[in-house]
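Order of the sequence lines fixes the chain letters, A, B, ..., with proteins taken first and strands second; residue numbering starts at 1 for each chain. These numbers were taken from a predicted model, which means no experiment stands behind them.
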Amino acid sequence: MARILVTSALPYINGIKHLGNLAGSMLPADVYVRFQRLRGHEVLAICATDEHGTPAELAAAAAGQDVAQYCNEQHEVQKALGERFNLAWDHFGRTSSDWNKRLTQHFAEMLEANGLIAEVVEKQVYSIDDARFLPDRYVEGTCPNCGFEKARGDQCDNCGKLLDPIDLIEPYSAVSGSKNLEVRDTRHLQLRQTEMEGRIRAWVDAAEGWPPLAKSIAYKWLDEGLRDRTITRDLKWGVPVTKDGAPREGFEDKVFYVWFDAPIGYISATAEWAEATGNDWESWWRTDKGADDVSYVQFMGKDNVAFHTVSFPATILGSQEPWKTVDKLKAFNWLNWYGGKFSTSSKRGVFMDQALELLPADYWRWYLTAYAPEGGDAQFTWEHFQGVINTDLANVLGNFVNRILKFAASRFDGVIPEGGEPGEHEAWLAAEVDQRLKAIAAHYDAMEFRKAGAETRALWAAGNEYLTRAEPWSHFKTDRDKAAIGVRTGINLAVLSAIVAQPVIPETAAKILHAVGVPEGKRTWPADAGAVLLDALPRGLEFTVPDVLFAKVEDEQIAEWSERFGGAV
RNA sequence: GGCUGGGUAGCUCAGCUGGUUAGAGCGCACGACUCAUAAUCGUGAGGUCGGGAGUUCAAGUCUCCCCCCAGCUACCA
């Protein structure tokens, strides 16, 4: 049994997440977690809301709320939605927690003790009317390059040129529109990543469980040369800056940069979990206290890779303390919405709460996992979604389970029948099961979710093919035993189909297993040979026929949803 | 501009270190079956593998140039 720590990129606090966010880290992480638990491993699944930063302050202001109160509410909303999607976290924490404050301050002080922190004075745009400093992208104005009037201070969306806020013609605050801006000096802490380039490169060199995408992004940053990063900001909402445990002089109105404290949230959320459950968090995070044998897996979108392969490691390695670092890393591309992007701010696409109004979680979980944006960006369209749900879930799995159980209920009195001996059809199916189970497990281990999905589907499809070969309905009229072996084998395969489906569609899998009376303890990942698995249910066991497992998505629904959510316009 | 990833059948994608007639699922056509959610099973038609040049006995797979899409480019997260 292995100990596996799984974290998914922390969802930002400023509103309900859309399906792209779900598909890009939280959901695949959960599928992986469930799979590894089924295999009997000790898995700790950690997530949290990422609550600091300018967008949180602005979102709270827009909602007319105090930031802390806004975050309290949004945290609960996101937690509840995650749970409704059956994300089986051990703990869903918050980066605004006391633990995160303490650990963030601890890391900063360790870095300083190791000579990796410098105080610098920077120039930053200050908005007098907003009474706040503005991050570069919150200053807008006319692009000096192309004349675009809504260019952001970091980059022009029209011509793509990288900008500095002071380059903008007629700059104004993106927050209020005020042109009453000035450049002010402001004192900040810098993390001297330049000092750590060698250590980080050696660490990346030694990493083995990363996909090429992740390594190439990390090397790109290293090859360009790491720069010192400013890790504090002029904000009120965040982790206060300390020195020797007391407020740091001159930094009373500053906090740590959200990207400095957010990844530390993985650790602090684990600590919160331990505190709440009486467990030991250090055995998961400190290699001197038992975390040596932990396999740490991170899930994230591609935009997050550099922070997880370079910036966060710089914090951890720079502390010179024996912290656990990531072993395997899985990065996803984007799920797009009809060629464009899902967007929280412009409300493009389907959001987690809306998705659940339309269909149960399993439908989304299957679609988003089996067709995850792995190789490149993927597009969500209602038509594709409908095709996938109807074919994979309703026709292949749902109908298979339904047909075999209904037939068995009407012809064999609702019990697993006795009689008959395995023949060529059963041998074919057993070989199929052996091959598929092995492939599915291998793909999950490799975090290849599309492939795992395709193989899972192939196992379900094998059920339908088997029934066509065994045709128990024909034999029933002439040779009851021959029909019995077909039915028995079919129901066993239905159970296997459900067991294997648990990571992706836990609710439906549970329905099937409950209907056939498979006890909780016998739902773990199958280890026996196919021939054994296909005769695992006790003869005479009573079962029930569940209601239709998956309703088809009708054309009228697609039309209605396309209308409601924009869709193909 | 730089870097990274992608551009393979109508659609969504797989193709590891180059090697027989380029694969899968969906969709489509035809056939079979009737236990089942008009579900299922089988067969078949579809591709000059973004464009061009090169290396090689042999390239979707390697090299170079070009085009298109996406992301990142360190103060949005």
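Minimum atom distance to the side chain of A:Phe407 is reached by B:C35, of the listed B:A36, B:U37, B:C35. Of the candidate nucleotides B:A70, B:A77, B:U37, B:U37 has the atom lying nearest to any side-chain atom of A:Asn402. Set against B:C76, B:U37, B:U40, the side chain of A:Ala394 has B:U37 as its closest nucleotide. Distances were taken from every side-chain heavy atom of A:Lys302 (C-beta onward) to each of B:U37, B:A36, B:G71; the shortest belongs to B:G71.
Taking a pair to require two hydrogen-bonding distances under 3.5 Å in either a Watson-Crick or a G-U wobble arrangement, B:C11 pairs with B:G25. In a base pair of the Watson-Crick type (N1 to N3 plus N6-O4 or O6-N4) or a G-U wobble (N1-O2 and O6-N3), with each distance short of 3.5 Å, B:C62 is matched with B:G54. The partner of B:G47, taking Watson-Crick or G-U wobble pairs whose two distances both stay under 3.5 Å, does not exist in any strand shown. In this structure, B:A32 and B:U40 make a Watson-Crick or G-U wobble pair, each of the two defining distances being under 3.5 angstrom.
To the nearest whole angstrom, the two C1' atoms, one in B:G7 and one in B:G44, are 29 Å apart. Comparing B:G5 with B:U17, their P atoms are spaced 13 Å from each other, to the whole Å.
The shortest distance between the side-chain N/O atoms of A:Arg137 and the OP1/OP2 oxygens of B:C76 is below 4.0 Å. Look at A:Asn395 and you'll find a side-chain N or O under 4.0 angstrom from OP1 or OP2 of B:U40.
Per the geometry, NZ belonging to A:Lys552 stands 11 Å off C1' belonging to B:A36, to the nearest Å.
We find that A:Asp234 and A:Arg132 are not joined by a salt bridge, their nearest charged nitrogen and carboxylate oxygen being 4.0 Å or further apart. For A:Glu507 and A:Lys511, the salt-bridge test fails: no basic side-chain N is under 4.0 Å from an acidic carboxylate O.
Side-chain atoms of A:Thr381 and A:Gln379 include no donor-acceptor pair closer than 3.5 Å. With hydrogens and angles left out, the side-chain atoms of A:Thr104 and A:Asp261 include no donor and acceptor closer than 3.5 Å.
Note: A:Phe260 and A:Phe312 fail the aromatic proximity criterion, with ring centroids not under 6.0 Å apart.
Taken residue by residue, residues 449-474 of chain A places heavy atoms nearer than 4.0 Å to RNA chain B at A:Arg450, A:Lys451, A:Arg457, A:Ala461, A:Asn464, A:Glu465, A:Thr468, A:Trp473.
Shown are A:Leu549, A:Asp547, A:Val545; of these, the side chain to side chain contact (heavy atoms under 4.5 Å, CB included) with A:Asn402 is made only by A:Val545.
Within the 4.0 angstrom heavy-atom criterion, base atoms lie near A:Phe307. Within the nucleic acid shown, A:Thr54 comes within 4.0 Å of sugar-phosphate atoms alone, with no base atom in reach, counting heavy atoms only.
If you check distances only, the side chain of A:Arg227 does reach the base of B:A74 with a donor-acceptor pair under 3.5 Å.
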